[in-house]
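Have a look at the structure below before the remarks.
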Amino acid sequence: MRPSTQQRLHRGIAWIILAGWGAFTIFLVLWVIMASLKSTRSLFGKPFEFPSSPAFINYSKVWVTSHFGEYFLNSLLVVTASVIGLLAVALPAAYVLSRGKFRGRKALLNFFIFGMGIPIPLLFIPLVVMLSEIGLIDTLTGLTLVYLSVSLPFTIYVLQGFFSSLPTDLESAAVIDGCSDWQVFWHVMLPLATPGAATVAILNFVGLWNEYQISLVLISAQENRTLSLGIYSLITSMQYSGGNWPGLFAGVTIVMVPTILIYIFLSDRMISGITMGGVK
Amino acid sequence: MTRSSRPLLSSMLAGCALAVMAPQAGASELVFWSMWNEPEPQAVALRAIMDAYTAKNPDTTFSVVWNGRGNQTKLRAALQAGTKVDLMDQDGDQLIGGLQKQGLALQLDGLVDADFGAALLPGVFDIYASEGKHYQVPYVYNSVNFWYNTEMMAEAGGQEPATWDELLALCDAVRKIDKYALVVDNDDTYALYYFSYLLERKLGVNALVTTFEDKTGESWRKPEVLEAAQMAQSLWGRCIPDDARGFQYPAGQQTVALGDSMGNLNGSWLPAELSSSAGEDFPWGAFNFPAVEGGAGQQADLQVALLSMIALESSEHKDEAVDFLTFLVSEEAQKIIVEQGSVGSTRAGVPWPAMLDEAYQAATNATAISNIYGGVGVNYPDFYTTVLAPQQNKMFMGEIEAQAFVDTMAAETKKYWDAQ
Amino acid sequence: MRRRMVFTFLAPAVLLYLFFVMAPAFASFYLSLFQTSGFGETPRWVGFGNYAKLLADPIFWLSIKNMALILVVGGVAIFALAFLFTILINSGIWGKKLFRALIFMPNVIAVVALSTFWSFIYMPRYGMLSNLFKSLGFEQAAAISWTTPDNIFWSMLVGLVWISTGFFTILILAGADKIPTDMYEAARIEGAGPIQMFRLITVPMIWDVIAITMVLWVIEAIKMMEFPFAFGGPTPSQDLLTPSIYLFIMGFGFRQPVYELGYATAIGVCMFLFTILAVLVLTWATRRERVEF
């Protein structure tokens, strides 16, 4: 059925509104990049003008002098390890919480879900004391374990919703065929879970990549810092040592670029997966 | 035993120990947690100082953690977990309410010379002492002055004011060249500069703290307090442009670097903070907060914020730590602080970087020094953060009347003390 | 499913969660019954004293008020926009996936970049809004100071809504995607306009999704800290205070640490209890028979 003129008009207006909103987002990203190439003086004097001589040196300064190169590696290491560990732990748990039939299943699930409501600052000091006692304070390993654990509530929530939305026939067929529970999980459910797992992996990657509060508390030594701690130290250095704002934006761009790239290539997957938890 | 014979005796003892015991290193490694981040100039200066110290004392090496500004807060958690730290640094006023109050800082009286403080600038060693006991060794000096563009002042035909009325006249002169003399950033703590200084000029040093410490709250109702509030408010429109109410840090102070405002009442870190926008040859000048007619305070009274280093009470290398603290304020080390850190030194007779020269004169000739922002935050951080700073900001920004501010403060002060 | 499998599959998750999340949380909850600076001196037992002090604390109630404003006003704005965008995107336009991606993008960018960007938009004299109005000739509008104490909360809220809308739009949109198009066709034949279709078809059918989305927003609004904190510069103004920020200032401080750890954790406990309460109320209020299709 061909769209009527009125429909065309509606669509046109819709397109304009959406394009306006979207354009603003693109403007944001471009502005951050542009700001990283300006001088501090022109950043504050004419914040929305294009720099006459782009200061690419800001990037090399931030990469080397401010150690962002090392921080990049640390972030990559910690976040990748956290996400892989998270999947290894959450997938089985979510499967059991969605498909299992045992007493207290619902209660246990709620137990995890309410964890989403715990304010993170509450955990700071006990975590420091605990990690110090087991010798993991100020280590990337300790940070990875904590990241993994605090991401469990949301991840399990999404994954169990995902598992619940999958049809049960395949499982039943496999069981009839004589597969053990373990084989059912490994050979049937896991492959089916790939879209959900991929989504949850991407979401957590992006979230942990930008995380700074926990790492601020658990990491002290400069060689252990992650990227967001690098940004944080650039900001706090402004007190007393002066504002290298374009340098800050260069750092922000370095932090931003991987997530935007992942986002552009995998946004479909990311978005379709969030809804799995909510839409049964 | 004199100080000079102590190292001799210790080396003799160490020599004996070495001879008697199996090979035991006499070396000690001092763990230093710092408020600086590794690339900052002050961190560079400190590293140079530590190297110089190790060159003189090869047995002492350093292991540094460059924590950044939340150093004391980080240290709190680490100490609870049993981490061994020997030295740390932070803003002196923050240390008083933190480690010092909790007895975690090493008391220095008896471990340093009786005339330790005399080698430093006036008031420096005593300002952060509690009940006469010294814990801190301030090693960076920040003073609060008016920092301004000397070329713009010359263009307006003005000169550094000695009294409040002269300051207002200067503002009028600057208006004539279509600029504003002063600018502020909308920030609770920065806004306190004017009111606290005015109060100190009227009632004397530490006036804000004394006013607060009156448990009945009635000191707030002194006429000078109301006048100080009104004088601060009178700056708007005449000295400070109205749109400055909306400047979020650091937009306001950047206007000085951009040449849109003449000056800013701020700490002596301001030229360093603005250096990348202002450029190397910005014509910086500084003058003290002017005197007020009939007031008890003098123009040479100075608000300061010093950065101090302390040794931890739990340190296992107390002697070495104290020795390093002494070295930190020696002439050699302080020269490094000035040259590589580009900040003010706390030792008398060590000139500051050229652009801070007028502040150096002010620090040398200071008749009295008081804590920054009036000093209430030092011992009463909860009242300061939740009541004083926000209320004063409201008054300064013109949201509440001066009389209402005074009444609120009187009531809140009484309420605070009643609850203690 | 055999018990052994249940056990092994659940064990790692449960252990990690208990050890790294629950145990510290309980330690904190316990700490809220004391008054301590956290520096290692013996904490002083005050029982529920911290909570009594909280209830009488005007600053705490100010932060609750701000949180409530964010929750309600922000929530209404976000959901209104989410519904609007759902209608618009689902009206058959070209580039649906592109717009979906663009709307979600701010969620991917670091908060410090977002808050700095917004402060440059609002900055007097040099900022974007000011210059935009000036170039259009609206001198008076150009002179409005968006970040003065009176306005700063609302300016922050605008930025916050803009950033958060994407996440919730996507959720609602995905739910709407599942509705078979024949329903819409049938309605269109009957002469229904887009808004009517949305109200009478979409909303009832995706009520589940809307309910869950609202729960997620409530949880986030109660915990809201990062954007208002970053927006406020080195010393966030009291107008921007949320309970999380108040907790942080009281326990960890920034420029002038207060070091009241027991009090700070009491704030955290209140926030947690409030979250549970709000989620329960919301779940009860939005319960409905699921519409099967």
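In what follows, every chain begins at residue 1, and chains take the letters A, B, ... in the order their sequences are listed.
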How many angstroms lie between [atom1] in [X] and [atom2] in [Y], if you round to the nearest 0.5 Å?
| X | Y | atom1 | atom2 | value |
| --- | --- | --- | --- | --- |
| Gln238(C) | Asn393(B) | CD | CG | 9.5 Å |
| Thr148(C) | Asp242(B) | OG1 | CG | 11.0 Å |
| Asp382(B) | Ile249(C) | CG | CD1 | 12.5 Å |
| Asp239(C) | Asn186(B) | CG | CG | 8.5 Å |

Does Gln102(B) reach the side chain of Ser37(C), with side-chain heavy atoms less than 4.5 Å apart? yes
Heavy-atom contact with chain C under 4.5 Å, split by part of [X]:
| X | result |
| --- | --- |
| Tyr190(B) | side chain |
| Asp243(B) | both |
| Pro241(B) | side chain |

For chain C, the option from [options] that forms the most heavy-atom pairs under 4.5 Å:
| options | value |
| --- | --- |
| Val378(B), Asp260(B), Asp91(B) | Asp260(B) |
| Asp185(B), Leu75(B), Asp93(B), Leu104(B) | Leu104(B) |
| Lys101(B), Met397(B), Arg245(B) | Arg245(B) |

More than 12 foreign heavy atoms under 6.0 Å from [atom1] of [X]: is that the case here?
| X | atom1 | result |
| --- | --- | --- |
| Glu131(B) | CD | no |
| Glu213(B) | CD | yes |
| Phe274(C) | CZ | no |

Candidates Val258(C), Leu241(C), Ile59(C) - the one meeting side chain to side chain contact (heavy atoms under 4.5 Å, CB included) with Thr386(B): Ile59(C)
Proximal component of [X], with respect to chain B [non-hydrogen, under 4.5 Å]:
| X | result |
| --- | --- |
| Leu62(C) | neither |
| Tyr246(C) | side chain |
| Tyr126(C) | side chain |

Can Arg125(C) be said to sit on top of Phe247(B)'s aromatic six-ring, NZ or CZ under 6.0 Å from centre and within 45° of the ring axis? no
Would you sort out whether Tyr259(C) and Thr73(B) count as a side-chain contact (heavy atoms from CB on, under 4.5 Å), showing the intermediate values? CA-CA 8 Å; Tyr259(C) 291 138; Thr73(B) 311; 3.2 Å; yes
Do the side chain of Gln248(B) and the main chain of Phe231(C) share a donor and acceptor less than 3.5 angstrom apart? yes
Closest non-hydrogen atom pair, Gly246(B) against Pro124(C): O-CD, 3.4 Å
